[in-house]
Amino acid sequence: MEKAIIIGVNTLSEDYVFLDEIEELKNLCLACDVEIVDVITQNLNYINPSTYVGKGKIEEIKITIQSLDIEALVFNDELTPLQITNLQEALEITIYDRTFIILEIFKRRAKTKEAMMQVEIATLKYSLPRLTGLRKGLSRQRGTGGGFAHGRGAGETKLELDRRITTDRITALKKELEEVTLLRKQQRKTRKTNNMQIVCLVGYTNSGKSSTLNALLHRSKGIKKTVFEKDMLFTTLETSTRAIQTETNFHFLVTDTVGFVNKLPHHLVEAFKSTLEEIKEADLIIHIVDATNHNYKLQIETTEQVLQSIGVKNIPTIYAFNKIDLLEDYLYIQPQYEKAIRISAITDKNIDKLIEMIQTELEHDFITIQLQVPYHEQKIIEFLKGSGYTKAIDYQENQIEVLGKIPKRLLSKVEKYL
Ligand SMILES: Nc1nc2c(ncn2[C@@H]2O[C@H](COP(=O)(O)OP(=O)(O)OP(=O)(O)O)[C@@H](O)[C@H]2O)c(=O)[nH]1
Ligand SMILES: [Mg+2]
């Protein structure tokens, strides 16, 4: 582990919000083997544009570095290239900022080629204007292993490349990524033409999105390939879509995707646009909230801000307050949202109700129909199963009688059997 201290400037009025932010940064650091041994904070009206903290604070930091034998500093905000260079000169130590730490976690978690490319683009874009400052920091790096600034994987070595090579690499990656994006678009189009309705799970990282998808899968008929869930920040970086079929044959697709965090680097949001694009086309959003986090309201706000920034709007949303098994007084979590539910993905509490809510939402333009289908036209039943769903099928002597539901707009397709 690399020994470091966090430097934070509090420009917010609320102390507890700031302290929670610092606490969160500690956890983010731990996730990439940086151990925080001290925190130095300063209250300022605005962040110092040339050195982040005030001039006097620099001296205090210098003394702490020496007395605690510190290897790196982690700043609670994204530093500008100028700030990095100045701080480097004044303090002669490895400088990280919040963005760098988040990028590093993403880099470590990325498994698919697409996610790896997205993270690399974001990292390169971040480092491009900071090449000099960062490189100076790297050359001062002590020890081996543990610290992530060492040549481990693709991203790190890029920091040593010059600007031209970096920009070339970004261009090449973007082009490659575009092809994957195209494929993804194609898949979405196919789903649309098949009238599959899509539900997207969104929320703060570690709130239980993947666990909720698994809980839904456990209650689904048919194939159940679960997704990976873990008590870790940014477990999921890639999008997974699964089909859910309820007891009553109602079916829909559920998509699990990357979680959000406070001050999510805009280069990351930008790079993950193609992944996040799926949310824009969802028929319904389930916003998973970790009800055990005393900051859940802020986490909801953060998530909604990111959604807004990627252009998600006017999609019906159900707020699912998760992990209530850990709360004795969970009923006090008073969701002031129009559509909200308290669940536990782990103990399965209210997952059945969540499914009912989803169905009610997705079904709002469905109508009940009763069809008499001749035996030689059975394909119409398949159509009904795909585009709507069947509740009862009765094979009679001359025909098949089907009770089911279908979206209003598709009524014309089955009209003659009504
Ligand atoms: N006690 C309890 N733990 C839960 C519940 N739901 C999820 N968890 C735990 O919370 C942790 C995070 O769950 P995930 O489902 O991986 O969370 P996520 O939102 O997908 O997280 P990221 O993919 O990292 O953004 C895991 O350790 C889960 O076991 C719940 O209802 N109760
Ligand atoms: Mg997940």
Side-chain angles (χ1 to χ4, degrees), residues 24-25 28-29 31-32 34 74-81 83-84 95-135 137-138 148-181 184 202 204-205 232-239 257-280 302-303 305-312:
E24 184 175 76
L25 182 58
L28 291 166
C29 288
C32 41
V34 174
V74 184
F75 289 79
N76 187 36
D77 294 273
E78 184 171 308
L79 297 174
T80 63
Q83 286 168 336
I84 294 186
I95 308 269
Y96 301 136
D97 61 12
R98 197 184 182 95
T99 300
F100 191 92
I101 297 288
I102 295 174
L103 285 169
E104 177 59 27
I105 300 177
F106 269 66
K107 199 185 295 170
R108 290 179 179 210
R109 304 274 197 265
K111 280 187 225 69
T112 62
K113 188 151 183 243
E114 183 181 18
M116 285 193 248
M117 286 193 290
Q118 288 169 321
V119 177
E120 196 182 343
I121 290 175
T123 309
L124 290 172
K125 281 195 174 170
Y126 164 81
S127 56
L128 191 56
R130 298 174 175 83
L131 280 173
T132 15
L134 288 170
R135 200 183 302 155
L138 292 178
F148 48 72
H150 305 284
R152 181 194 156 280
E156 291 85 352
T157 52
K158 298 296 170 298
L159 296 177
E160 276 139 41
L161 299 176
D162 65 40
R163 286 204 172 82
R164 189 183 52 80
I165 294 174
T166 307
T167 9
D168 285 356
R169 178 83 183 133
I170 293 174
T171 315
L173 279 166
K174 272 190 171 167
K175 206 168 152 229
E176 210 177 325
L177 193 61
E178 237 165 58
E179 284 163 29
V180 187
T181 313
R184 204 183 261 289
V202 305
Y204 212 75
T205 180
M232 180 169 93
L233 300 164
F234 303 114
T235 308
T236 310
L237 290 194
E238 26 273 326
T239 302
T257 187
V258 55
F260 303 146
V261 75
N262 195 6
K263 297 184 181 168
L264 195 62
H266 73 275
H267 283 320
L268 260 182
V269 178
E270 185 63 33
F272 274 74
K273 246 191 181 139
S274 56
T275 303
L276 296 170
E277 200 102 289
E278 307 243 334
I279 307 174
K280 279 206 284 197
T302 303
T303 302
Q305 275 164 15
V306 181
L307 289 177
Q308 217 177 14
S309 76
I310 53 171
V312 175

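What you are looking at is a predicted structure, and each value in this text was computed from that prediction instead of being measured.
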| request: Please identify each residue that fulfils side-chain contact (heavy atoms from CB on, under 4.5 Å) with Q305, with sequence neighbours left out. | output: none
| Short side-chain to backbone donor-acceptor contact, T205 and F234, under 3.5 Å | yes
| query | Could you state the interatomic distance from CZ (R130) to OG1 (T80), rounded to the nearest 0.5 Å? | reply | 7.5 Å
| Between CG of L237 and NZ of K107, what distance do you get to the nearest 0.5 Å? | 13.0 Å
| query | Do you know the tightest heavy-atom contact between R163 and L128? | reply | NE-O, 3.4 Å
| message | What I'd like to find out is whether the side chain of L28 reaches to under 4.5 Å of the side chain of V74, using heavy atoms alone. | response | no
| In Å, rounded to the nearest 0.5 Å, how long is the span from CZ of R169 to CE of M117? | 9.0 Å
| Contacts of type side-chain contact (heavy atoms from CB on, under 4.5 Å), residue T303, not counting sequence neighbours | V202, Y204, F260, H287, L307
| What pairs with E278 under salt bridge (charged side-chain N to carboxylate O under 4.0 Å, His left out), at least two apart in sequence or on another chain? | R184, R188, R191
| message | Under the rule for side chain to side chain donor-acceptor pair (under 3.5 Å), what residues qualify as partners of T257, not counting sequence neighbours? | response | T239
| remark: Rounded to the nearest 0.5 angstrom, the CD1-OG distance for I170 and S127 is 7.0 Å
| Taking atom CG of L233 and atom CD1 of I101, what is their separation to the nearest 0.5 Å? | 12.0 Å
| query | Of all residues at least two apart in sequence or in a different chain, which pass the side-chain contact (heavy atoms from CB on, under 4.5 Å) check with A31? | reply | I105, R109
| Should E104 and R108 count as an ion pair when the cut-off is N to O under 4.0 Å? | yes
| K111 to E238 - nearest heavy-atom pair and separation | N-OE1, 3.7 Å
| request: Kindly give the heavy-atom pair with the smallest separation between A110 and V119, and that separation in Å. | output: CB-CG2, 4.2 Å
Identify every side-chain donor-acceptor pair in residues 261-275 under 3.5 Å, counting partners at least two apart or on other chains, and give the distances.
from: N262; atom 1: ND2; to: E21; atom 2: OE2; distance (Å): 3.3
from: K263; atom 1: NZ; to: E21; atom 2: OE1; distance (Å): 2.9
from: K263; atom 1: NZ; to: D77; atom 2: OD1; distance (Å): 2.7
from: S274; atom 1: OG; to: Q118; atom 2: NE2; distance (Å): 3.1
from: T275; atom 1: OG1; to: Q118; atom 2: OE1; distance (Å): 3.3
from: T275; atom 1: OG1; to: Q118; atom 2: NE2; distance (Å): 2.8

| message | Suppose we screen for side chain to side chain donor-acceptor pair (under 3.5 Å). Which residues come up paired with T171, at least two apart in sequence or across chains? | response | none
| request: Measure the CG-CD1 distance between L79 and I84 for me, rounded to the nearest 0.5 Å. | output: 5.5 Å
| note | Minimal heavy-atom distance between T235 and M232, with the atoms involved, is OG1-O, 3.0 Å
| said: Checking E178 now: which residues fulfil salt bridge (charged side-chain N to carboxylate O under 4.0 Å, His left out) with it, not counting sequence neighbours? | reply: none
| message | Once side chain to side chain donor-acceptor pair (under 3.5 Å) is applied, do any residues pair with K113, and if so which ones, sequence neighbours excluded? | response | E176
